[in-house]
Amino acid sequence: MPETAQEVLKMIQDQNIQVIDLKFIDTPGIWQHLTVYQNQIEESSFTDGVAFDGSSIRGWKAINESDMAMVPDPKTAWIDPFMAEPTLSLICSIIEPRTGEPYARDPRSIAQKALDYLISTGIGDTAFFGPEAEFFIFDDVRFDQNQHEGYYHVDSIEGRWNTGRKEEGGNLGYKPRYKEGYFPVAPTDTSQDMRTEMLLTMAKCGVPIEKHHHEVASGGQCELGIRFDTMIRSADNLMIYKYVIKNVARKYGKTITFMPKPVFNDNGSGMHTHQSIWKDGQPLFAGDKYAGLSEMGLHYIGGILKHAPALLALTNPTTNSYKRLVPGFEAPVNLAYSQGNRSASIRIPLSGPNPKAKRLEFRCPDATANPYLAFAAMLCAGLDGIKNQIDPGEPLDVDIYDLSPEELSKIPSTPGSLEDALEALEKDHEFLTTTGVFTEDFLQTWIAYKLDNEVNPMRLRPHPYEFALYYDC
């Protein structure tokens with residue numbers, strides 16, 4: 001893979017590439033792109049950027065100050081496998097074209113500031129992140145909302161709800177039971193070949209791959225495993241992951257969603273996020289404390305737990321996120337840590353004798369998050385814990401279902417709604433702003449955007465279940 005601008009330009013010339021696709025992420029976390037002819041990319045493009053109008057990007061500039069520039073990262077070059085014409089793809093950060101400064105609302109630039117802050121503290125020089133993004137594969141999805149009706153309908157050949165359906169060629173009955181979809185072989189697992197193609201396609205795009213498998217929920221829930229990487233590269237890889245699997249699924253006549261809870265009364269989709277800090281090539285979270293962690297690792301956990309209610313406004317940023325974070329579905333609703341309890345929000349995975357594998361896993365996030373913002377915020381929270389030596393308290397190693405109501409009430413839990421998380425962020429965000437990573441302007445824009453476009457619109461609309469509850473009152 002190319003490392004420098006010169007190597008990218010040579011690749012364009014050697015492979016006779018005519019078009020280059022420049023991809024960047026908007027504030028909520030959706031990739032946008034601009035495709036240019038090869039003569040529009042020069043060596044200066046990798047420093048000065050390629051100009052574009054940013055006024056139509058969600059959460060960005062007003063029309064009277066819309067000029068922006070996207071700066072390609074030469075280390076992100078890959079051939080897009082879904083375009084008929086051989087097309088070189090480059091992931092970009094955004095700058096102010098008149099000053100050359102990173103744009104304060106660009107998520108990828110915010111992630112870079114978080115890494116710069118880590119280095120400035122002297123605590124470490126590298127942050128590794130490893131997201132595990134789950135998703136559902138559906139055969140059909142329909143939804144609408146207007147003045148007189150509102151509904152959604154999702155369907156899957158694997159849906160347990162279809163055991164009695166008449167199907168072309170006959171209903172063969174191989175459909176995972178609710179909450180029993182983990183690791184079945186074919187014919188119950190119908191997406192093996194598709195997932196293999198997804199995984200191998202990601203590898204061709206430069207993503208370090210590991211595995212793939214079916215997940216717990218009925219209705220086609222799955223996960224593909226990618227290796228951990230440095231923080232920004234890991235966020236880049238996650239965006240490629242989402243792009244690849246959606247497009248491979250479309251080729252098979254399927255559709256993908258990362259919604260945390262698209263199916264009622266079954267397990268939702270999360271994005272457990274492994275993380276660790278290194279310095280001078282050495283891991284800093286391995287030690288002789290609980291579960292083989294170092295004192296620094298425990299303090300990092302203390303920071304995550306202290307700021308978790310506010311963090312979730314960035315790591316679990318949708319109203320649907322909080323339909324997953326409820327007891328009873330293996331959801332990490334307890335703000336505690338443990339080496340084995342999966343209902344705890346932080347788990348310390350088994351890592352064997354190798355100190356380089358020592359890490360923690362924050363289990364709350366889901367893949368509706370903008371990964372650059374989510375990873376940056378988690379790093380800031382953990383560093384706040386290290387700097388202030390925040391004690392994470394005692395681990396939660398008991399079976400949560402064996403606790404009495406009184407004992408359970410003493411364990412803090414995740415916010416119950418996006419509105420609650422946004423309120424927590426409003427009250428607790430100095431750990432993000434005093435570092436210089438997030439600006440007050442960005443956070444206030446984020447809170448206002450979420451309230452105006454998601455929380456309040458949900459309040460205005462009657463829910464279908466309300467008709468079942470109240471129509472005959």
Side-chain angles (χ1 to χ4, degrees), residues 132-145 149-165 167 171 173-184 188-191 213-223 254-272 312 316-334 341-345 363-368 399-401 403 405 408 413-421 454 458-459 461-472:
E132 299 177 346
E134 299 165 335
F135 55 92
F136 278 85
I137 304 171
F138 291 129
D139 296 283
D140 183 49
V141 55
R142 290 177 280 119
F143 51 89
D144 197 10
Q145 175 73 65
E149 65 181 356
Y151 68 91
Y152 72 90
H153 174 90
V154 296
D155 205 5
S156 166
I157 188 66
E158 291 186 1
R160 187 67 179 178
W161 55 84
N162 282 325
T163 54
R165 181 177 68 174
E167 296 179 350
N171 189 329
Y174 295 110
K175 305 180 192 301
R177 296 179 183 88
Y178 296 112
K179 298 189 181 184
E180 295 185 24
Y182 202 58
F183 283 16
T188 302
D189 180 359
T190 65
S191 59
H213 59 84
H214 206 284
E215 264 294 346
V216 175
S218 183
Q221 190 186 36
C222 296
E223 179 187 322
K254 308 281 186 177
T255 178
I256 300 288
T257 183
F258 287 93
M259 280 181 66
K261 197 78 166 184
V263 175
F264 169 62
N265 214 30
D266 207 340
N267 283 35
S269 296
M271 185 179 70
H272 308 151
L312 263 62
N316 301 70
T318 68
T319 58
N320 189 254
S321 298
Y322 299 87
K323 292 177 171 59
R324 165 184 168 250
L325 293 176
V326 294
F329 298 90
E330 297 186 23
V333 296
N334 300 293
N341 194 331
R342 280 174 163 76
S343 68
S345 59
R363 295 174 60 79
C364 291
D366 63 61
T368 61
D399 186 337
I400 195 74
Y401 300 108
L403 296 179
L408 192 59
S413 59
T414 53
S417 68
L418 176 58
E419 185 176 13
D420 290 344
E454 299 176 36
M458 284 288 291
R459 283 178 174 157
R461 288 159 170 80
H463 189 284
Y465 192 56
E466 290 179 306
F467 282 81
L469 291 173
Y470 309 126
Y471 184 77
D472 61 351

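- Closest non-hydrogen pair, Phe138 versus Thr257, comes out as CE1-CG2, 3.6 Å.
- Scored by the salt bridge (Lys or Arg N to Asp or Glu O under 4.0 Å) test, Asp266 finds no partners at all (sequence neighbours excluded).
- Put simply, the side chain of Asp144 never gets that close to the backbone of Glu149: no donor and acceptor are under 3.5 Å apart.
- Taking OG of Ser269 as the start and CZ of Phe135 as the end, the distance is 8.5 Å to the nearest 0.5 Å.
- In terms of the side chain to side chain contact (heavy atoms under 4.5 Å, CB included) criterion, residue partners of Phe143 (sequence neighbours excluded) are, by chain and number, Val141, Tyr152.
- Between His213 and Phe183, the ring planes lie perpendicular to each other; the angle is over 60°, past the 30° to 60° tilted range.
- Separating the CD1 atom in Ile256 from the CD1 atom in Ile137 is a distance of 4.5 Å, to the nearest 0.5 Å.
- Put simply, NZ on Lys323 and OG1 on Thr318 are 8.5 Å apart, with the number rounded to the nearest 0.5 Å.
- When all heavy atoms of Ser156 and Asp139 are compared, the closest pair comes out as CA-OD2, 3.1 Å.
- Here the NZ-OG1 distance, from Lys261 to Thr319, works out to 14.0 Å after rounding to the nearest 0.5 Å.
- Side-chain N or O atoms of Lys179 include none that pairs as donor or acceptor with a backbone N or O of Val216 at under 3.5 Å.
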* To do: Determine, step by step, whether Asp155 and Asn162 satisfy the side-chain hydrogen bond (donor to acceptor under 3.5 Å, both in side chains) criterion, reporting the C-alpha distance in whole Å, the side-chain angles of both residues, the deciding distance to 0.1 Å, and the verdict.
  => CA-CA 9 Å; Asp155 205 5; Asn162 282 325; 2.7 Å; yes

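- The distance from atom CZ of Arg324 to atom OG1 of Thr414, rounded to the nearest 0.5 Å, is 9.0 Å.
- Applying the side chain to side chain contact (heavy atoms under 4.5 Å, CB included) test to Arg177 and every residue at least two apart in sequence or in another chain returns Arg160, Glu180.
- Closest heavy-atom contact between Ser321 and Thr368: OG-OG1, 3.6 Å.
- The CD atom of Glu158 sits 10.5 Å away from the CZ atom of Phe136 when rounded to the nearest 0.5 Å.
- Counting non-hydrogen atoms of other residues, nucleotides and ligands closer than 6.0 Å to CZ of Phe264 gives a total of 12 or fewer.
- With hydrogens and angles ignored, the 3.5 Å screen pairs no side-chain donor or acceptor of Ser413 with any backbone N or O of Asn334.
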